[in-house]
Amino acid sequence: IVILIKMNNQEPDQQTIQSTVSSLVEKAKEIATEVKHKVEDALSIKPPLEAEKNVELDKLMGTWYEIGRLDTFIEDELIDTTHTWTLETENQKLFKVIIAGNVKALNGERKAFEGQGVQKDNEPGRIDVEFQQPFKTEYVILDWSKDHRNLLIGSDNRKYAWMLSRECRIPEDLKKEYVQKLEEQGFEVSRMYYTCLLYTSPSPRDRQKSRMPSSA
């Protein structure tokens with residue numbers, strides 16, 4: 001440390017040495033924290049999710065009602081949320097995604113976010129989605145009901161998940177099945193946020209009160 005100070009043409013007085021030591025210690029702490037996070041991320045890596053294999057993209061188009069989700073920052077505080085997918089005519093694997101919802105309450109400000117999705121060539125159950133904010137993730141279709149009216153989507157990093165339906169409701173047993181499937185795959189289902197008004201509390205203005213247990 002003294003050599004470094006002398007190289008900067010400074011006299012190594014006690015105060016300067018202490019200040020330099022403190023700076024080096026803080027920098028070492030930052031590096032240690034960064035390394036710790038990288039190690040934790042590496043240890044928490046989970047195997048890729050198994051996606052549905054028979055996915056016809058055109059049948060996914062239209063409006064989906066969001067039953068519940070693991071929050072993304074672009075959807076933060078949105079309820080009564082819809083996902084509208086529109087196929088691009090020139091590219092049958094490319095489609096427009098619009099997520100829209102009311103902020104905190106049914107009469108809250110209506111916000112919408114637009115992005116694009118593209119179905120992977122060799123894995124039809126995987127869709128790359130990117131929004132302008134930017135927010136980019138991969139939709140992994142975990143379950144698509146036989147009548148094509150209910151959809152469960154997750155992400156390989158287990159941070160994001162969506163329960164979608166053609167109506168603002170799904171059978172209770174199916175909802176529990178979806179929650180169980182997410183939990184078995186390593187998702188933190190206690191964070192599941194039920195956004196359809198049929199599943200929120202009587203006071204949707206209170207975000208915490210609008211959260212329901214995953215077993216509800």
Side-chain angles (χ1 to χ4, degrees), residues 46 49 51-52 55 60 62-85 95-106 108-117 125-145 149-201 203-216:
K46 294 180 174 62
L49 296 165
E52 286 278 328
V55 176
L60 288 174
T63 297
W64 294 91
Y65 293 91
E66 185 178 272
I67 305 300
R69 68 171 181 261
L70 294 182
D71 252 348
T72 65
F73 73 89
I74 66 169
E75 292 182 272
D76 188 41
E77 298 190 328
L78 294 186
I79 64 169
D80 195 26
T81 310
T82 58
H83 296 232
T84 302
W85 299 357
F95 62 97
K96 181 168 67 176
V97 183
I98 297 178
I99 296 178
N102 296 341
V103 178
K104 294 185 179 180
L106 185 59
E109 177 189 1
R110 188 75 176 173
K111 284 190 174 182
F113 301 92
E114 183 175 326
Q116 278 192 331
R126 290 179 175 271
I127 299 169
D128 287 326
V129 180
E130 184 170 6
F131 291 85
Q132 295 175 346
Q133 279 47 47
F135 170 67
K136 185 175 182 179
T137 188
E138 183 180 58
Y139 285 180
V140 182
I141 298 177
L142 302 175
D143 190 271
W144 193 16
S145 62
R149 299 192 64 79
N150 302 293
L151 195 62
L152 180 63
I153 297 173
S155 62
D156 279 332
N157 60 13
R158 274 58 167 187
K159 289 183 180 180
Y160 312 117
W162 295 267
M163 292 184 196
L164 305 178
S165 179
R166 292 301 189 184
E167 300 179 57
C168 193
R169 70 188 72 201
I170 60 174
E172 190 64 24
D173 58 344
L174 181 60
K175 182 162 76 75
K176 290 181 179 180
E177 179 185 323
Y178 279 177
V179 170
Q180 182 179 353
K181 188 164 190 171
L182 290 173
E183 187 171 28
E184 290 173 350
Q185 294 290 336
F187 289 84
E188 192 178 345
V189 294
S190 61
R191 292 177 43 244
M192 182 63 68
Y193 181 32
Y194 294 98
T195 54
C196 176
L197 294 181
L198 292 177
Y199 293 101
T200 57
S201 72
S203 179
R205 288 180 180 275
D206 186 337
R207 180 173 174 79
Q208 295 303 315
K209 289 181 181 178
S210 69
R211 294 183 180 274
M212 294 176 58
S214 60
S215 60

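Every residue meeting the side chain to side chain contact (heavy atoms under 4.5 Å, CB included) condition with Glu184, not counting sequence neighbours, appears here in chain and number order: Gln180. Checked against salt bridge (Lys or Arg N to Asp or Glu O under 4.0 Å), Lys181 has the following partners two or more places apart in sequence or in another chain: Asp143. Residues passing the side chain to side chain donor-acceptor pair (under 3.5 Å) test with Trp64, sequence neighbours excluded: none. With sequence neighbours excluded, the residues satisfying side chain to side chain contact (heavy atoms under 4.5 Å, CB included) with Glu130 are Lys136. Legend: residues meeting salt bridge (Lys or Arg N to Asp or Glu O under 4.0 Å) with Arg149, ordered by chain and number and at least two apart, are Glu167. Partners of Thr137 by side chain to side chain donor-acceptor pair (under 3.5 Å), not counting sequence neighbours: none found. Partners of Glu138 under the side chain to side chain contact (heavy atoms under 4.5 Å, CB included) rule, at least two apart in sequence or in another chain, are Lys120, Arg126, Asp128, Val140, Asp156. Applying the side chain to side chain contact (heavy atoms under 4.5 Å, CB included) criterion to Gln116, with sequence neighbours excluded, gives Glu88, Leu94. Residues forming a ring-ring contact (aromatic ring centres under 6.0 Å, His included) with Tyr160 (at least two apart in sequence, or on another chain): Phe135.
Distance check: Thr81 OG1 to Asn102 CG gives 8.0 Å after rounding to the nearest 0.5 Å. Here the CD1-CG distance, from Ile153 to Leu70, works out to 12.0 Å after rounding to the nearest 0.5 Å.
The main-chain N or O of Glu66 is found under 3.5 Å from a side-chain atom of Thr195 such that the two form a donor-acceptor pair. Of the possible polar contacts, none joining the Arg69 side chain to the Met163 backbone as a donor-acceptor pair under 3.5 Å is found.
Considering every non-hydrogen atom in both Phe113 and Ile74, the closest pair reads CE1-O, 2.9 Å.
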